[in-house]
2 protein chains.
Amino acid sequence: MVTSTSPVAAFAALGDETRWAVLEALADADPAAGLTASALAARLPVTRQAIAKHLVVLEAAGLVDSRAVGRERRYRALGAELTALGRRLERIGDAWEARLGRIASIAEHLERG
Amino acid sequence: MVTSTSPVAAFAALGDETRWAVLEALADADPAAGLTASALAARLPVTRQAIAKHLVVLEAAGLVDSRAVGRERRYRALGAELTALGRRLERIGDAWEARLGRIASIAEHLERG
DNA sequence: AAGTGATGCAACCAGAGGGTTGCATATTGG
DNA sequence: CCAATATGCAACCCTCTGGTTGCATCACTT
């Protein structure tokens, strides 16, 4: 797990429609090659610079990968990180539900005396 | 599934530390009773009004539940929604990874001739 | 060597958002 | 009925952020 930053940052990163559009475009692209900021800007209705900023956020959140290839920089979507984040959320939710279950069973015991 | 709004809104809601603090406080509380905005404000270092706004966001995102009890309003954390959201994320991540796997296997086939 | 295309950095703008204070309103308890 | 407590609503402030334009830079191609 290379998940460097806090999950909260990752959720904040996922809390923006444009960023999802970027992620989906990256997921659609050839993972081996990746996509450049310019290529993404061609597909989406915002400037290259705006895309670049989103990519910074996504990379800081660990949801995206980049490598320099000559004069361009190729980005890839990291599905595994998304999966890990999802599992984390799932565990937390389950824990909360479990607590609810315990309370319910205690209440049941009390009722029965 | 009562998940009304878009998942993006839910992620945005989860992209704030204070909101996590609120959620955790709610998860710690007795689920049957819940907590009021005032009670939460007593536990956290922000105003009741700030808490109230966060609760609006969390409820709109479907992560929190509320019911009026006399003159007060009790909030509960909905762990199940969190779990569902987590599963969703997991599925998307897995799909992206699967695509990566397909590409890899195609490449392998091509190499073998 | 020169032109072209891609990136990076900086300034700037407008709107959203987290936070506060203040006040009005409603409901409970004596 | 009256006082106390909890909520709701509104205005306001400041920061963050998504977006833009403009310019400098750097690497590939011819």
Side-chain angles (χ1 to χ4, degrees), chain A residues 5-26 29-30 32-77, chain B residues 5-26 29-30 32-77:
Chain A
T5 37
S6 96
V8 178
F11 290 128
L14 292 177
D16 180 276
E17 301 278 2
T18 305
R19 232 127 49 196
W20 271 101
V22 167
L23 282 176
E24 282 163 4
L26 288 179
D30 176 6
L35 283 181
T36 71
S38 302
L40 284 164
R43 284 167 177 72
L44 298 176
V46 287
T47 323
R48 172 186 62 89
Q49 285 82 344
I51 300 279
K53 286 204 227 169
H54 284 305
L55 287 171
V56 168
V57 173
L58 288 170
E59 190 161 23
L63 298 172
V64 143
D65 199 53
S66 85
R67 67 188 208 282
V69 176
R71 72 179 155 188
E72 57 188 18
R73 176 163 289 270
R74 301 256 174 76
Y75 290 87
R76 281 182 320 180
Chain B
T5 37
S6 97
V8 179
F11 291 127
L14 293 177
D16 181 276
E17 301 279 2
T18 306
R19 231 124 52 194
W20 271 102
V22 167
L23 282 176
E24 282 163 6
L26 289 178
D30 176 5
L35 284 181
T36 71
S38 301
L40 283 163
R43 284 168 176 73
L44 299 176
V46 287
T47 324
R48 173 187 60 90
Q49 285 83 343
I51 299 279
K53 286 204 227 170
H54 284 306
L55 287 171
V56 168
V57 173
L58 287 170
E59 190 160 26
L63 297 171
V64 144
D65 199 53
S66 85
R67 66 188 209 281
V69 175
R71 73 179 152 189
E72 57 188 19
R73 176 162 291 269
R74 301 256 175 74
Y75 290 86
R76 282 183 320 179

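Quick caveat, the model's predicted, so the values are computed rather than measured. The figures here come from the full heavy-atom set of this structure, side chains too, leaving out hydrogens, waters and symmetry mates. We name chains A, B, ... by the order of the sequence lines, and we start the count at 1 in each one.
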Between the base of D:dG19 and the side chain of A:K53, is one N or O donor paired with an acceptor at under 3.5 angstrom? yes
Nearest-Å distance, CZ (A:R74) to C1' (C:dG5)? 14 Å
Taken to the nearest whole Å, CD1/A:I51 to P/D:dT21 is 14 Å
Comparing nearest nucleotides in DNA chain D, the 5'-proximal residue of the pair A:G70, A:A50 is A:A50
Hey, does B:V22 have a side-chain heavy atom less than 4.5 Å from the side chain of B:V64? no
Could you check how far OH of B:Y75 sits from P of D:dA6, rounded to whole Å? 14 Å
note: B:E17, atom CD; C:dG17, atom P; distance rounded to Å ~ 18 Å
Does B:H54 make a side-chain N or O approach to OP1 or OP2 of C:dG17 shorter than 4.0 Å? no
Closest of C:dT21, D:dG18, C:dG18 to the B:Q49 side chain is C:dT21
Can you see if the side chain of A:T18 gets near the phosphate of D:dG19 - specifically, an N or O under 4.0 Å from OP1 or OP2? yes
Minimum heavy-atom distance B:L58-B:A13, with the two atoms named: CD2-CB, 4.3 Å
B:L44 CG - C:dT20 C1' separation (whole Å): 16 Å
Please tell me whether B:S66 and B:E59 have a donor and an acceptor in their side chains that are separated by less than 3.5 angstrom. yes
Minimum-distance nucleotide to B:R71 side chain [options: D:dA4, D:dT20, C:dG8]: D:dA4
Measure from the side-chain heavy atoms of A:T47 and tell me the nearest of D:dG19, C:dT21, D:dG8. D:dG19
Would you check if the side chain of A:R76 reaches a backbone N or O of A:D65 as a donor-acceptor pair within less than 3.5 Å? no
Residue pair A:A33 / A:R67: nearest heavy atoms and the distance that separates them: O-NH1, 3.7 Å
Using a cut-off of 4.0 Å on non-hydrogen atoms, how would the nucleic acid contact of A:A37 be classed: base, sugar-phosphate, or nothing? sugar-phosphate
Once hydrogens and angles are ignored, does a donor-acceptor distance under 3.5 Å link the base of D:dG8 to the side chain of B:R48? yes
What is the distance from CZ of B:R73 to C1' of D:dC9, rounded to the nearest Å? 15 Å
If you find the nucleotide of DNA chain C closest to A:E72 and the one closest to B:D16, which residue's nucleotide is nearer the 5' end? A:E72
Starting at atom CG of B:L40, determine the distance to atom P of C:dG19, rounded to an integer number of angstrom. 13 Å
